[in-house]
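For reference, the structure discussed in these notes is given below.
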Number of protein chains: 2
Amino acid sequence: MNDTSNPLLLRDQLCFSLYAASRSVTALYRPLLDELGLTYPQYLVLLVLWEHGDSPVKDLGAALQLDYGTLSPLLKRLEANGLVRRARRADDERSVSVALTEEGLALRDRALSVPPVIGTAMGLDDAEFEVLRGLLSKLTTSVQAYTA
Amino acid sequence: MNDTSNPLLLRDQLCFSLYAASRSVTALYRPLLDELGLTYPQYLVLLVLWEHGDSPVKDLGAALQLDYGTLSPLLKRLEANGLVRRARRADDERSVSVALTEEGLALRDRALSVPPVIGTAMGLDDAEFEVLRGLLSKLTTSVQAYTA
DNA sequence: TCCAACTAGATCGTGCACAACTTAAGTTGG
DNA sequence: CCAACTTAAGTTGTGCACGATCTAGTTGGA
């Protein structure tokens, strides 16, 4: 079996490139987010809250494509760290509304210094950046349509 | 603060696209790999072994960019499932050589049916596929150079 | 020769991801 | 009215990832 006919070669697999790239970017965030006392998924939750304000857990899950099994303990940790508050909604006791505390809101200013560092480290020009983002979106959309 | 000047918008973050795409692809693999009794990282380890044969744990880690903390328990599970054997090398007792069993070798034939399904579901043409793979490699290289 | 430095690997603790199951609250049709 | 259904969230168990720490084997000088 020569190389070109072997579909199981690691270096040819887009999926591995994706997996490796994702982990390397998370590793890039780690020291920066450590300064803020956050993990990458926690930072993503805060991005949603900073952008949209108080949100039910369901909406956070929809925005980040994460389920309750991931979000429930994560939100508990954010609450334990004083960044968010959770409260049952009065009009629908099933729903839990997640709100930023003063501290959680204040953290946004410090977080503003993160994206520029990430952008520089990625080493892509504006055009490459947009092409990559577009292809990743297309890929995710296709895959999720296929999975559904 | 209008949209174009806010660097903390979720939808603009390439990193989130990458994170979401990676998880969606792993989710796509899951039902296929379940048939083979494998997880995605386990499948990656087997890709390396099918391609290169017996390898020390160190080499598996280098190929997949995973550390011993991840690989040691993963390899234990592969061994418990009868797919690999681990043995200390006689010429260097520090090194553990990971070898495929008959069963692990035989699994390769069944794994050949996986990549075509993944390829179809991703919904990218050949050109997009190569552009994406190239940009991901460039990104990973830049990020790792920056991290180092 | 001897031992300090280095190396390969394992272990432990924390925090995701996600499937499967449970609980409690709300909704609806007969 | 209320039983059947649906929905939002939490819980449990398994398997990554990864930092920190530990052990045992190897190596290179003084």
Side-chain angles (χ1 to χ4, degrees), chain A residues 16 19-31 33-34 36-46 55-81 83-84 86-98 144 147, chain B residues 16 19-31 33-34 37-46 55-62 64-81 83-84 86-98 144 147:
Chain A
F16 176 68
Y19 167 77
S22 180
R23 282 188 303 119
S24 74
V25 168
T26 302
L28 175 62
Y29 271 97
R30 192 164 296 116
L33 294 181
D34 275 351
L36 308 182
L38 295 173
T39 65
Y40 184 62
Q42 289 170 9
Y43 170 74
L44 292 178
V45 166
L46 292 186
S55 307
V57 180
K58 179 183 169 57
D59 289 5
L60 296 177
L64 302 176
Q65 297 287 295
L66 291 171
D67 71 5
Y68 295 108
T70 300
L71 284 174
S72 287
L74 186 157
L75 291 169
K76 258 185 172 172
R77 284 186 286 270
L78 283 180
E79 186 169 44
N81 293 341
L83 301 177
V84 307
R86 291 181 302 157
R88 293 272 165 191
R89 289 177 62 90
D91 58 335
D92 186 343
E93 291 277 340
R94 290 173 305 179
S95 182
V96 168
S97 184
V98 181
Q144 287 177 353
T147 304
Chain B
F16 176 68
Y19 167 76
S22 180
R23 282 189 302 120
S24 75
V25 168
T26 302
L28 174 62
Y29 270 97
R30 192 166 295 115
L33 295 181
D34 276 352
L38 295 173
T39 65
Y40 183 62
Q42 289 169 9
Y43 169 74
L44 292 178
V45 166
L46 292 186
S55 308
V57 180
K58 180 182 169 58
D59 289 6
L60 297 176
L64 302 176
Q65 297 286 294
L66 290 171
D67 70 7
Y68 295 107
T70 300
L71 284 174
S72 287
L74 186 158
L75 291 169
K76 257 185 170 171
R77 285 186 285 269
L78 282 180
E79 186 169 46
N81 294 340
L83 300 177
V84 306
R86 291 180 303 156
R88 293 272 165 193
R89 290 177 61 91
D91 59 336
D92 186 342
E93 292 276 341
R94 288 171 306 179
S95 182
V96 168
S97 184
V98 181
Q144 286 177 352
T147 304

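Hydrogens, waters and symmetry mates play no part in the numbers below; they use all other heavy atoms, side chains included. Convention: sequence-line order gives letters A, B, ...; per-chain numbering from 1.
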B:Leu60 has an atom CG; how far is it from atom C1' of C:dG9, in whole Å? 12 Å
Which residues satisfy the side-chain hydrogen bond (donor to acceptor under 3.5 Å, both in side chains) test with A:Arg77, sequence neighbours excluded? none
Output, in order, the C-alpha distance, side-chain angles, deciding distance and verdict of side chain to side chain contact (heavy atoms under 4.5 Å, CB included) for A:Val45 and A:Leu71. CA-CA 9 Å; A:Val45 166; A:Leu71 284 174; 4.0 Å; yes
A:Gln65 or A:Ala90: which one's nearest nucleotide on DNA chain C is closer to the 5' end? A:Gln65
Could you tell me the separation between the OH atom of B:Tyr19 and the C1' atom of C:dC18, rounded to a whole number of Å? 11 Å
Of A:Asp91 and A:Pro41, whose nearest nucleotide on DNA chain C comes first from the 5' end? A:Pro41
Whole angstrom is fine here: how far is it from CG in A:Leu66 over to P in C:dA19? 12 Å
Spacing of CG belonging to B:Leu64 relative to OH belonging to A:Tyr19, to within rounding of 0.5 Å: 7.0 Å
Look at atom CZ of A:Arg86 and say whether more than 12 heavy atoms of other residues, nucleotides or ligands are closer to it than 6.0 Å. yes
Atom-to-atom span, OH of A:Tyr68 to P of C:dC16 - whole angstrom: 18 Å
Could you tell me how far apart A:Gln42 (CD) and C:dG15 (P) are, to the nearest whole angstrom? 8 Å
For C:dG9, take OP1 and OP2 only and decide whether either is under 4.0 Å from a side-chain N or O of B:Ser72. no
Taking the side chain as every heavy atom from C-beta outward, state whether B:Leu78 and B:Leu74 have any atom pair closer than 4.5 Å. yes
Find the distance B:Phe16:CZ to C:dA17:P and express it as a whole number of Å. 11 Å
Without swapping roles, check the side chain of B:Arg23 against the backbone of A:Gln65 for a donor-acceptor pair under 3.5 Å. yes
Round to a whole Å and report the spacing from CG of B:Asp67 to P of C:dA10. 12 Å
Quick one: which protein N/O atoms are closer than 3.5 Å to N/O atoms of nucleotides 1-5 of chain C? Pair and distance per line, please.
none

Judged by each residue's nearest nucleotide on DNA chain D, which is more toward the 5′ side, B:Leu74 or A:Thr70? A:Thr70
Between B:Ser97 and B:Arg89, what is the shortest heavy-atom contact and its length? CB-CG, 4.0 Å
Tell me what B:Arg86 touches on the nucleic acid: a base, only sugar-phosphate, or nothing, going by heavy atoms under 4.0 Å. sugar-phosphate
Pick base, sugar-phosphate or nothing for B:Thr39, based on heavy-atom distances below 4.0 Å to the nucleic acid. sugar-phosphate
Kindly indicate whether the side chain of A:Val98, heavy atoms from C-beta on, has any atom under 4.5 Å from the side chain of A:Ser55. no
Comparing A:Leu71 and B:Tyr40 on DNA chain D - which has the more 5′ nearest nucleotide: A:Leu71
Does B:Thr70 offer a backbone N or O that forms a donor-acceptor pair with the side chain of B:Asp67 under 3.5 Å? yes
Spacing between A:Leu64 atom CG and C:dG15 atom P, to the nearest angstrom: 18 Å
Closest to the side chain of B:Lys58, out of C:dG9, C:dA10, C:dA17, is C:dG9
Can a side chain N or O of B:Arg23 be found less than 4.0 Å away from OP1 or OP2 on C:dC18? yes
Quick one: how far along DNA chain D does chain B reach, first to last nucleotide 5' to 3', anything under 4.0 Å to a heavy atom? D:dG15 to D:dT26
Going by heavy atoms in the side chains, are A:Leu75 and A:Leu60 under 4.5 Å from each other? yes
